[in-house]
Amino acid sequence: MTKLSLFLGCIVPNRYPGIENATKLCLQKLGVDACDLPGASCCPAPGVFKSFDKATWLALASRNIVLSERMGRDILTVCNGCYGSLADANMELKKDPELRASTNSYLKEIGMEFKGTIEVRHIIEFLYREFGPEKLKDYITRPLDLKVALHYGCHLIKPSKDRNLGETESPVFFDELVEATGAKSVDYTDKMMCCGAGGGVRSGHVAVSLEMLEHKLACIRQAGVDCIVNACPFCHLQFDRGQLAVNEKFGTDYSIPVLHYSQLLGLTLGFSPGELGIEQNAVQNIEFLAKVYEISAGLR
Amino acid sequence: MSEKLLEVLKTAGLDVLSCMQCGTCTGSCPSGRHTGLNTRRILRDARKNRTEVLSDDALWLCTTCYTCQERCPRGIPITDALLELRRLAVREGFMLPEHRKVSETVLECGHAVPLDEETKKKREELGLEPIPETVQKYPEALEELKTLLKTCKFDKLIAEK
């Protein structure tokens, strides 16, 4: 199987290290050869950098890619934003010689050259393509009796012409990975809608961002689930920390637990909620924590 | 803005001329449900070379979810075109203070979201090193990154005009 370097980005190591630990534990358990990528920076964040200057966006992204090229490893991201930036930059630089030449002229200043020798992967498409739901089931020790509201996020599947993960109105591959754990992926209104954080909206227009989030949360609550599952730490931050901000702004009382898929997978592979950083979220839902501890202890 | 918007978009491989103003983009926009973002109108203004579109704050209400682009019956890369318009706007000096701040944070520490003391503690509770294996841990890598950003003249681009 492909050798990987784990690209952390910003929010995972600097806000939600539980996702970092969960990812490392899961990859190890699944026998995936993945190592750190020392010296990597911000991907850079597509919502802001891609909106500001294409040359800078490509230069920063390609520096991260070159770090992994030097190790002869494909990059594994656990974030839709990092995936959007790195996979798109990698693709554009591979297919456009002019763009590659201009980017390399910047990289030359720091003694680097983009060669186009590796691929950029996202943990969800990686698990789906390299393992698949059926093979994943072989590793499961604790089937999860949970109802889940799955949030794909935008840049995992879009733009679809560059992703090759099928259609974007009602995809199923990620639901299949969720259900491989024993959990039930519950349908809900506006499931494919954006969380409201991307494109620099959360940083630039927080009120708008929270209005969009409130709509998602209302739809999710109506579906009656145990937790939200995502594949992107920026969506994760929006759902988790944003939930408290929504409660403050709209006088609501949302308390919906939020898990990154690597944390959900970690639970079913037998790791404890503590090891996976599930208690480190801003949303503290005692009932849910009790439930996952019972699952983890084999009591449910 | 001496160049014509339409020409700039075309040069970037983004042809918006086939837009028939059907409004599928606006009707599909999750941000437009709550805000004044009207994607159809932005495309129309760009087609008509109305440079006022660059100073319109609505440009920055798009979350880049790509739903409009996926659903466009004419296959116009709408989100990509909107990103190109944003880049033109930035060159003209239109940038939200919050976005300038994020850019400065990356220039300073290599991350859009820097490490804080609370997270260092959380990392240690998990058995991880308090400082992750990123540019934050390696001063020479950070210097390299700063050189790269300067080479791209990013510091000048984001400076207030």
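This one's a predicted model, so the numbers in the text were calculated from it and none came from an experiment. These numbers come from the heavy atoms of this one structure, side chains and all, not from hydrogens, waters or symmetry mates. Chain letters run A, B, ... following the sequence lines, proteins first and then strands; every chain starts at 1.
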- Item | Verdict with supporting geometry, B/T64 and A/H155, side-chain contact (heavy atoms from CB on, under 4.5 Å) | CA-CA 9 Å; B/T64 71; A/H155 302 119; 3.3 Å; yes
- Item | CD (B/E129) with more than 12 external heavy atoms under 6.0 Å |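 No.
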- Task: Taking atom CD of A/Q284 as the centre, report whether more than 12 heavy atoms of other residues, nucleotides or ligands fall under 6.0 Å from it.
- Result: yes
Measure the [atom1]-[atom2] distance between [X] and [Y] for me, rounded to the nearest 0.5 Å.
{"X": "A/S51", "Y": "B/W60", "atom1": "OG", "atom2": "CH2", "answer": "5.0 Å"}
{"X": "B/S28", "Y": "A/M193", "atom1": "OG", "atom2": "CE", "answer": "12.5 Å"}
{"X": "A/L25", "Y": "B/L126", "atom1": "CG", "atom2": "CG", "answer": "9.0 Å"}
{"X": "A/F49", "Y": "B/I158", "atom1": "CZ", "atom2": "CD1", "answer": "7.5 Å"}
{"X": "A/L107", "Y": "B/E144", "atom1": "CG", "atom2": "CD", "answer": "9.0 Å"}

Any side-chain heavy-atom pair of [X] and [Y] under 4.5 Å:
{"X": "B/V106", "Y": "A/L60", "answer": "yes"}
{"X": "B/Y66", "Y": "A/C154", "answer": "no"}
{"X": "B/M95", "Y": "A/F52", "answer": "yes"}
{"X": "A/M112", "Y": "B/L148", "answer": "no"}
{"X": "B/L145", "Y": "A/R63", "answer": "yes"}

For chain B, the option from [options] that forms the most heavy-atom pairs under 4.5 Å:
{"options": "A/G196, A/G47, A/C42", "result": "A/C42"}
{"options": "A/V48, A/L37, A/D36", "result": "A/D36"}
{"options": "A/C194, A/G204, A/G274", "result": "A/G204"}
{"options": "A/G111, A/P44, A/G9", "result": "A/G9"}
{"options": "A/P159, A/A55, A/A45, A/C195", "result": "A/P159"}

Residue, of [options], that accumulates the most heavy atom pairs under 4.5 Å with chain A:
{"options": "B/P132, B/C65, B/A141", "result": "B/C65"}
{"options": "B/D116, B/V102, B/T35", "result": "B/D116"}
{"options": "B/R33, B/Q69, B/E140", "result": "B/R33"}

For residues [X] and [Y], report the shortest heavy-atom separation together with the two atoms involved.
{"X": "A/R15", "Y": "B/T119", "answer": "N-CG2, 3.7 Å"}
{"X": "A/C10", "Y": "B/H111", "answer": "SG-ND1, 3.1 Å"}
{"X": "A/T56", "Y": "B/C152", "answer": "OG1-CB, 3.6 Å"}
{"X": "A/P17", "Y": "B/K122", "answer": "CG-CB, 3.9 Å"}

- Query: Quick one: do A/K54 and B/E84 make a salt bridge, cutoff under 4.0 Å?
  - Reply: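 A salt bridge is absent here (no side-chain N lies under 4.0 Å from a carboxylate O).
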- Any ion pair linking B/R91 and A/D53 (charged N to carboxylate O, less than 4.0 Å)?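 Salt bridge absent between A/D53 and B/R91.
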- Report yes or no: does A/N14 contribute a side-chain atom to a donor-acceptor pair with the main-chain N or O of B/V113 at less than 3.5 Å?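 Such a contact is found between A/N14 side chain and B/V113 backbone.
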- Query: Does B/H99 reach the main-chain N or O of A/S203 with its side chain, forming a donor-acceptor pair under 3.5 Å?
  - Reply: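 Not confirmed, B/H99 side chain does not pair with A/S203 backbone.
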Between [X] and chain A, with a heavy-atom cut-off of 4.5 Å, which part of the residue counts as in contact: side chain, backbone, both or neither?
{"X": "B/V90", "answer": "side chain"}
{"X": "B/K137", "answer": "neither"}
{"X": "B/E143", "answer": "neither"}
{"X": "B/L96", "answer": "side chain"}
{"X": "B/T67", "answer": "both"}
{"X": "B/L61", "answer": "both"}
{"X": "B/E70", "answer": "side chain"}
{"X": "B/D80", "answer": "side chain"}

Where does [X] contact chain B at under 4.5 Å (heavy atoms): side chain, backbone, both or neither?
{"X": "A/T168", "result": "side chain"}
{"X": "A/A59", "result": "both"}
{"X": "A/E167", "result": "neither"}
{"X": "A/M212", "result": "both"}

- Go through the structure and list residues passing side chain to side chain donor-acceptor pair (under 3.5 Å) with A/T252, not counting sequence neighbours. A/N247
- Of B/E125, B/E118, B/K121, B/R123, the one forming a side chain to side chain donor-acceptor pair (under 3.5 Å) with A/Q280 is B/E125
- Task: Kindly indicate, with the supporting measurements, whether the criterion side-chain contact (heavy atoms from CB on, under 4.5 Å) is fulfilled by A/E20 and B/L128.
- Result: CA-CA 9 Å; A/E20 177 178 337; B/L128 292 166; 3.9 Å; yes
- Message: Run the side-chain contact (heavy atoms from CB on, under 4.5 Å) test on B/R87 and A/K50 for me, step by step, so that the C-alpha distance in whole Å, both residues' side-chain angles and the decisive distance to 0.1 Å come before the verdict.
- Response: CA-CA 8 Å; B/R87 293 190 283 263; A/K50 211 175 174 180; 3.9 Å; yes
- Step by step, work out the side-chain contact (heavy atoms from CB on, under 4.5 Å) result for B/E98 and A/H205. CA-CA 9 Å; B/E98 295 85 353; A/H205 290 286; over 6 Å; no
- Query: For residues 96-113 of chain A, which residue pairs qualify under side chain to side chain donor-acceptor pair (under 3.5 Å), counting only residues two or more places apart or in two chains?
  - Reply: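 Qualifying pairs, neighbours excluded: none.
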